[in-house]
Chemist: 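First the structure, which I've put down as structure tokens, then a few questions once you've had a look.
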Amino acid sequence: MDMSGGGLGNAKYIFVGGKGGVGKTVSAGAIAVDAARQGKSVLLASLNPVHSLSSLFMQNLSGGSFRNVEGLKNLTAIEVEISDLLERYRMNMETRLKEFFKWAEIPINPEPFIQIATTNPAFQESAMFDKVMEIMVKEGERYDVVVFDTAAVANAVRLIGLSKLYGLWLARMIQSRKEAQEYRLRLSVRKEKIMEEIKKDPVVADLLNLYDKFTKTRQSITDPSKTLFYFVTTPESLPISVVKRFITMVQSFNIPVGGIFVNMVLDRSDVSSDPTGYLQAKWEEQRHYLGLIENELGQYVKGYIRMYPTEIRGMEALDKVINDIGEFVPS
Ligand SMILES: Nc1ncnc2c1ncn2[C@@H]1O[C@H](COP(=O)(O)OP(=O)(O)OP(=O)(O)O)[C@@H](O)[C@H]1O
Ligand SMILES: [Mg+2]
């Protein structure tokens with residue numbers, strides 16, 4: 001397999017997507033280890049409600065802080081604590097809403113609105129995306145490569161797509177806030193003082209801050225020299241459909257696609273020793289889907305990973321995966 005440019009971590013920010021359970025965490029781990037082995041300083045960030053980096057590396061990486069992965073000095077991992085994240089995000093939202101009601105002089109109890117805003121299903125995804133942005137514009141600066149292991153359902157692609165909408169929405173919010181302030185201030189403040197006053201407004205400052213974060217993230221995320229989105233599938237019907245849908249979505253947001261890893265692939269040589277015929281049947285089924293992947297997504301395939309008899313845990317197992325991606329061609 002041609003890994004031109006050498007290695008998998010060929011962009012600063014790498015996202016890994018795919019259906020639940022197909023091997024996203026394993027692939028994210030392989031990409032991170034491969035880049036670290038090449039001497040790059042790497043951050044592997046998990047944003048899953050149930051973390052699996054500790055299990056993957058067989059060491060304690062929990063607690064929500066940046067931790068060195070034992071065995072590779074330039075690999076850092078973080079399992080972002082979703083509950084802390086949600087709580088902070090909720091408080092932030094609460095402050096914003098209260099500020100807004102106060103400012104707009106709406107004499108109403110803000111609690112129900114806070115409830116609605118923070119219990120809707122997009123809230124968790126928004127909070128996670130906020131954290132992704134924070135890592136990208138802050139901590140990410142300190143690393144050569146940042147690999148995001150995002151949740152299976154928290155469809156990271158949609159979140160990134162949302163950033164465009166958020167951007168538009170924020171620009172609009174800032175504008176109307178400015179207009180309203182200007183109108184108000186005109187009554188009490190001299191004209192030349194108006195802009196100065198508007199910039200002191202904490203809501204405008206907050207919105208401008210957010211807008212700045214979104215703009216920076218969007219710029220990075222749509223730049224193929226900075227960001228690559230990888231997908232993982234198994235040779236099965238549903239995971240392939242999920243990847244196809246993701247690729248279409250990602251491309252519609254101008255986010256660069258890095259490629260596809262095809263995981264849990266059986267080789268002809270694996271099946272001969274199974275007297276039940278189960279593996280033979282599975283292998284035949286996989287041939288069908290591998291053909292389909294080749295036909296419809298062939299241009300994106302970056303590598304194949306073997307089906308192993310046990311879970312993939314520890315550096316040695318990850319090295320095998322990296323090796324597979326580089327050279328395994330299933331027959
Ligand atoms: N090629 C493989 N051979 C054998 N086991 C594998 C292979 N790839 C992944 N696994 C195992 O399958 C399980 C799921 O893999 P992984 O956790 O990487 O999937 P995921 O897509 O991240 O799942 P989730 O959607 O739950 O986050 C793990 O126990 C992992 O060790
Ligand atoms: Mg996972």
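First listed ligand is number 1; within each ligand, the first listed atom is number 1. Bear in mind that the values here come from a model prediction, so they are computed numbers and not experimental data.
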Chemist: For Glu311, take its heavy atoms, then give the atoms of ligand 1 lying under 4.0 Å from any of them.
Modeler: 29 (O), 31 (O)
Chemist: Suppose I only count heavy atoms of Thr25 and a 4.0 Å limit; which atoms of ligand 1 are within that range?
Modeler: 17 (O), 18 (O), 20 (P), 22 (O)
Chemist: Are any of the heavy atoms in Gly18 under 4.0 Å away from ligand 1?
Modeler: no
Chemist: Give the numbers and elements of all ligand 1 atoms closer than 4.0 Å to a heavy atom of Gly20.
Modeler: 25 (O)
Chemist: For Thr310 and ligand 1, answer yes if some heavy atom of the residue is under 4.0 Å from a ligand atom, otherwise no.
Modeler: yes
Chemist: Please indicate whether any nitrogen or oxygen in Asn263 is less than 3.5 Å from any nitrogen or oxygen in ligand 1.
Modeler: yes
Chemist: Is Leu238 reachable from Met264 through a run of hydrophobic residues whose side-chain heavy atoms are each under 4.5 Å from the next?
Modeler: no
Chemist: Taking distance alone, with no angle check, do Tyr308 and ligand 1 share an N/O pair under 3.5 Å?
Modeler: yes
Chemist: Does CD belonging to Glu285 count more than 12 external heavy atoms closer than 6.0 Å?
Modeler: yes
Chemist: Give the numbers and elements of all ligand 1 atoms closer than 4.0 Å to a heavy atom of Arg306.
Modeler: 1 (N), 2 (C), 3 (N)
Chemist: Students often mix this up, so state it plainly: with edges at 30° and 60°, are the rings of Phe231 and Phe246 parallel, tilted or perpendicular?
Modeler: tilted
Chemist: Please confirm if an N, O or S atom belonging to Ser46, backbone or side chain, lies less than 2.8 Å from the Mg ion (ligand 2).
Modeler: no
Chemist: Is there a side-chain contact (heavy atoms from CB on, under 4.5 Å) between Phe148 and Ile135? Walk through the geometry before answering.
Modeler: CA-CA 10 Å; Phe148 290 102; Ile135 292 175; 3.9 Å; yes
Chemist: I'd like to check whether Ser52 has a polar contact with ligand 1, where a contact means an N/O of the residue lying under 3.5 Å from an N/O of the ligand.
Modeler: no
Chemist: Closer than 4.0 angstrom, basic N to acidic O: yes or no for Glu94 and Lys98?
Modeler: yes
Chemist: For a side chain to side chain contact (heavy atoms under 4.5 Å, CB included) with Val69, tell me which candidate from Asn74, Val33, Leu61 qualifies.
Modeler: Leu61
Chemist: Less than 3.5 Å between some nitrogen or oxygen of Ile312 and one of ligand 1, yes or no?
Modeler: yes
Chemist: Judging by distance only, is a nitrogen or oxygen of Met307 under 3.5 angstrom from one on ligand 1?
Modeler: no
Chemist: Looking at Glu284 and Arg287, is there a salt bridge between them, counting it only when a charged N and a carboxylate O are closer than 4.0 Å?
Modeler: no
Chemist: Minimum heavy-atom separation for Asp267 to Arg306, with atom names?
Modeler: CB-NH1, 4.1 Å
